[in-house]
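Written out below as structure tokens is the structure these notes cover.
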Amino acid sequence: MQALHGIKVLELGQLIAGPFAGKTLADFGADVIKVEPPGVGDPLRKWRMLRDGTSVWWEVQSRNKRSVALDLRTPEGQEATRALLKGADVVIENFKPGTMEAWGLGWETLHALNPKLIMLRISGYGQTGPYREKPGFGVLGEAMGGLRHLTGEPGRVPVRCGISIGDSLSAMHGALGVMLALYHRDARGGKGQVIDVALYESVFNMMESLVPEYDAFGAVRERSGSALPGIAPTNAYRCADGGYALIAGNGDSIFKRLMAAIGRNDLEQDPALAQNDGRVARVAEIDAAIEAWTLTKTLEEVLSVLGAAKVPAGKVYTVEDIVHDPQYIAREMIVEQQTADGARIKVPGIVPKLSATPGRIHHPAPLLGEHTAAISKMVGWPERNAVEAQHA
């Protein structure tokens with residue numbers, strides 16, 4: 001039995017943040033029913049690269065879920081949704097604040113309908129505050145949360161990290177909130193509650209010492225490329241074959257092993273460099289010494305020498321590296337799953353790894369409205385809801 005066996009989740013959101021939270025719960029056994037607009041479905045079905053008309057991203061994001069086609073803008077769709085929510089443990093939505101209320105599906109209504117219901121609400125700026133009604137996407141949350149300002153090379157345009165990290169961080173915070181709320185309800189005898197997740201706050205929560213450094217010293221952290229200011233040495237260093245070695249020699253004992261490995265015993269034995277603050281003051285000198293050495297060797301040679309010296313080092317992985325890497329394979333982080341039409345596709349495995357109740361892939365991402373008829377009979381919708389939704 002999986003950890004979330006018996007937990008019923010209704011996923012009303014679309015695209016990334018809400019559905020990623022739903023996927024996380026579904027991977028660990030929750031019964032996640034995804035509500036999609038009839039005819040078109042979740043827009044993610046058409047995002048990025050398509051195979052036979054369906055995004056391969058969809059196959060990851062919606063595995064282990066069931067699909068029901070309902071138009072939430074209609075009284076019939078709202079009626080059917082309320083019928084589903086009577087028996088649900090969790091509802092997930094990531095619409096603009098006020099949308100659910102306009103549909104007659106706001107918290108007060110749902111809490112009265114089902115006092116044990118837990119409601120995960122993910123939005124750009126949260127359900128309160130002066131920005132609550134502004135449209136918010138992950139890219140804006142990343143910028144407002146402080147991440148975009150720190151990403152890129154000094155003096156150049158701030159760049160995004162290449163994925164929708166703001167949405168995904170919000171989803172993970174949301175899934176954590178659901179687990180906390182379930183524990184409060186089921187282990188402590190509490191009632192249902194609202195989990196209010198804002199995209200910008202999820203990013204901001206990752207910003208480490210950003211605020212106290214500004215408050216204490218007036219310091220505004222800036223872009224630093226591949227280095228990590230205030231921690232030394234840790235950087236990307238060029239190699240003789242054009243590759244880059246990522247080397248993290250910032251532990252005190254690790255630094256000594258690194259300097260010995262590159263033949264810089266003078267730096268290894270320098271008492272001024274024994275701790276991080278002393279190394280930070282001379283980081284340019286240390287980085288230059290390391291790169292002078294890496295430029296005489298290929299990337300693989302660098303990694304071999306530093307591996308023998310037990311210095312943390314690695315290369316920059318491409319997806320091709322990832323899918324063939326023995327560590328990924330050994331830990332089942334690259335797995336095959338079947339699509340609804342019977343094709344096979346490689347997808348990311350399940351995180352985190354639980355020893356007693358591990359996550360697993362039960363069934364592929366659903367076709368649009370694949371489970372509408374079956375679920376309509378289960379909850380006793382008026383027949384017209386199921387028929388209209390299925391064929392819209």
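Numbers here simply count residues along the sequence, with the first being 1. The figures that follow rest on heavy atoms only: side chains count, while hydrogens, waters and symmetry mates do not.
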Validation row: Arg160, Arg148 side chains within 4.5 angstrom (heavy atoms): yes
List in chain and number order the residues that pass salt bridge (Lys or Arg N to Asp or Glu O under 4.0 Å) with Arg73, two or more places apart in sequence or in another chain; answer none if no residue qualifies. Asp71
Would you check, one step at a time, whether the test side-chain contact (heavy atoms from CB on, under 4.5 Å) holds for Gln337 with Arg344? CA-CA 6 Å; Gln337 72 179 47; Arg344 307 291 297 182; 5.9 Å; no
Look at the side-chain heavy atoms of Ile, Leu, Val, Met, Phe, Trp and Tyr, link any pair under 4.5 Å apart, and say whether Ile165 and Met207 land in one connected group. yes
Is the number of heavy atoms from other residues, nucleotides or ligands under 6.0 Å of His362 NE2 greater than 12? yes
From CA spacing to verdict: side-chain contact (heavy atoms from CB on, under 4.5 Å), Lys315, Tyr244: CA-CA 6 Å; Lys315 64 181 181 180; Tyr244 284 87; over 6 Å; no
Does a salt bridge link Lys256 with Asp252, judged by any charged N lying under 4.0 Å from a carboxylate O? no
Compare all side-chain heavy atoms of Met144 with those of Val203 and state whether any distance is below 4.5 angstrom. no
Which pair of non-hydrogen atoms, one from Ser209 and one from Arg221, has the smallest distance, and what is that distance? OG-NH2, 2.8 Å
Hey, what do you get for CD1 (Ile118) to CG (Leu110), rounding to the nearest 0.5 Å? 13.0 Å
Any heavy-atom pair between the side chains of Val9 and Lys65 that's under 4.5 Å? no
Write down the atom of Met333, the atom of Ile350, and the distance for their closest heavy-atom approach. SD-O, 4.0 Å
Look only at the side chain of Gln61 and the backbone of Gly22, and say whether a donor-acceptor pair between them is shorter than 3.5 Å. no
Does the side chain of Phe28 come within less than 4.5 Å of Pro352's, by heavy atoms? yes
Parallel, tilted or perpendicular: which describes the rings of Trp103 and Phe95, with under 30° parallel and over 60° perpendicular? perpendicular
Flag, side chain of Ser376 to backbone of Ala373, donor-acceptor distance under 3.5 Å: yes
Spacing of Thr81 atom OG1 and Met100 atom CE [to the nearest 0.5 Å]: 8.0 Å
Hey, what do you get for CD (Glu59) to CD1 (Ile345), rounding to the nearest 0.5 Å? 6.0 Å
So which atom in Trp47 and which in Ile16 form the shortest heavy-atom distance, rounded to 0.1 Å? CZ3-CD1, 4.0 Å
Say you draw a straight line from CE of Met179 to NE2 of His184; how long is it, rounded to the nearest 0.5 Å? 14.5 Å
Please check: side-chain N/O of Lys134 versus main-chain N/O of Pro130, any donor-acceptor pairing under 3.5 Å? no
Close side-chain approach of Phe255 and Ile286, heavy atoms under 4.5 Å: yes
For Val32 and Asn64: C-alpha separation, side-chain torsions, deciding distance, then whether side-chain contact (heavy atoms from CB on, under 4.5 Å) applies. CA-CA 7 Å; Val32 178; Asn64 293 329; over 6 Å; no
Are the side chains of Pro233 and Ile247 in touch, meaning some heavy atoms are under 4.5 Å apart? no
Would you please classify the geometry between the Tyr125 ring and the Tyr200 ring as parallel, tilted or perpendicular, with 30° and 60° separating the classes? tilted
Identified side-chain contact (heavy atoms from CB on, under 4.5 Å) partner of Gln14 from the options Leu44, Val35, Asp42: Asp42
Hydrophobic clustering (ILVMFWY, side-chain heavy atoms < 4.5 Å, transitive) - are Val283 and Ile231 grouped together? no
Main-chain N/O of Arg331 paired with Lys353 side-chain donor or acceptor, under 3.5 Å: yes
If you apply the rule side-chain contact (heavy atoms from CB on, under 4.5 Å), what do you find for Arg185 with Lys116, and how did you get there? CA-CA 7 Å; Arg185 189 194 72 178; Lys116 288 187 172 292; 3.9 Å; yes
Same apolar cluster: Ile195 and Leu182, side chain cutoff 4.5 Å: yes
Is there a side-chain contact between His111 and Leu117 in this structure, where contact means two heavy atoms from C-beta onward sitting under 4.5 Å apart? no
Decide yes or no for Lys23 and Pro19: does some side-chain heavy atom of the first lie under 4.5 Å from some side-chain heavy atom of the second? no
Can you name the nearest heavy-atom pair linking Lys96 to Glu133, along with the distance? CE-O, 2.6 Å
Answer yes or no: does atom CD of Glu336 have more than 12 heavy-atom neighbours from other residues, nucleotides or ligands under 6.0 Å? yes
Answer yes or no: are there more than 12 heavy-atom neighbours, outside Arg188 itself, under 6.0 Å from its atom CZ? no
Restricting to non-hydrogen atoms, name the atom on Leu306 and the atom on Ala313 that form the minimum distance, rounded to 0.1 Å. CD1-CB, 3.8 Å
Is the backbone of Leu85 close enough, under 3.5 Å, to the side chain of Lys8 for a donor and an acceptor to pair up by distance? no
Would Trp107 end up clustered with Leu72 when hydrophobic side chains under 4.5 Å apart are linked, directly or stepwise? yes
Determine the sole option in Arg279, Arg264, Arg282 for which the salt bridge (Lys or Arg N to Asp or Glu O under 4.0 Å) test with Asp270 is passed. Arg282
Mind running side chain to side chain donor-acceptor pair (under 3.5 Å) on Asp167 and Ser170 for me, showing each step along the way? CA-CA 5 Å; Asp167 291 292; Ser170 297; over 6 Å; no
Scanning both residues in full, the closest heavy-atom pair of Pro364 with Ala340 reads CB-N, 3.8 Å
Mark yes or no for whether Glu142, through its side chain, and Gly166, through its backbone, hold a donor-acceptor pair below 3.5 Å. yes
Answer yes or no: is there a donor N or O on one side and an acceptor on the other, between the side chain of Ser55 and the main chain of Arg45, under 3.5 Å? no
Quick one: OH on Tyr328 to CD1 on Ile334, what's the gap to the nearest 0.5 Å? 7.0 Å
Glu291 side chain vs Arg238 backbone, donor-acceptor pair below 3.5 Å: yes
With distance as the sole test, does Asp241 use its side chain to make a donor-acceptor pair with the main-chain N or O of Leu299 at under 3.5 Å? yes
Same cluster or not: Leu12 versus Leu25, using hydrophobic residues (I, L, V, M, F, W, Y) connected whenever any side-chain heavy atoms lie under 4.5 Å apart? no
Nearest 0.5 Å, what's the CD-CD distance between Glu101 and Gln127? 7.0 Å
Ignoring hydrogens and geometry, is there a side-chain-to-backbone donor-acceptor pair from Asp321 to Thr318 under 3.5 Å? yes
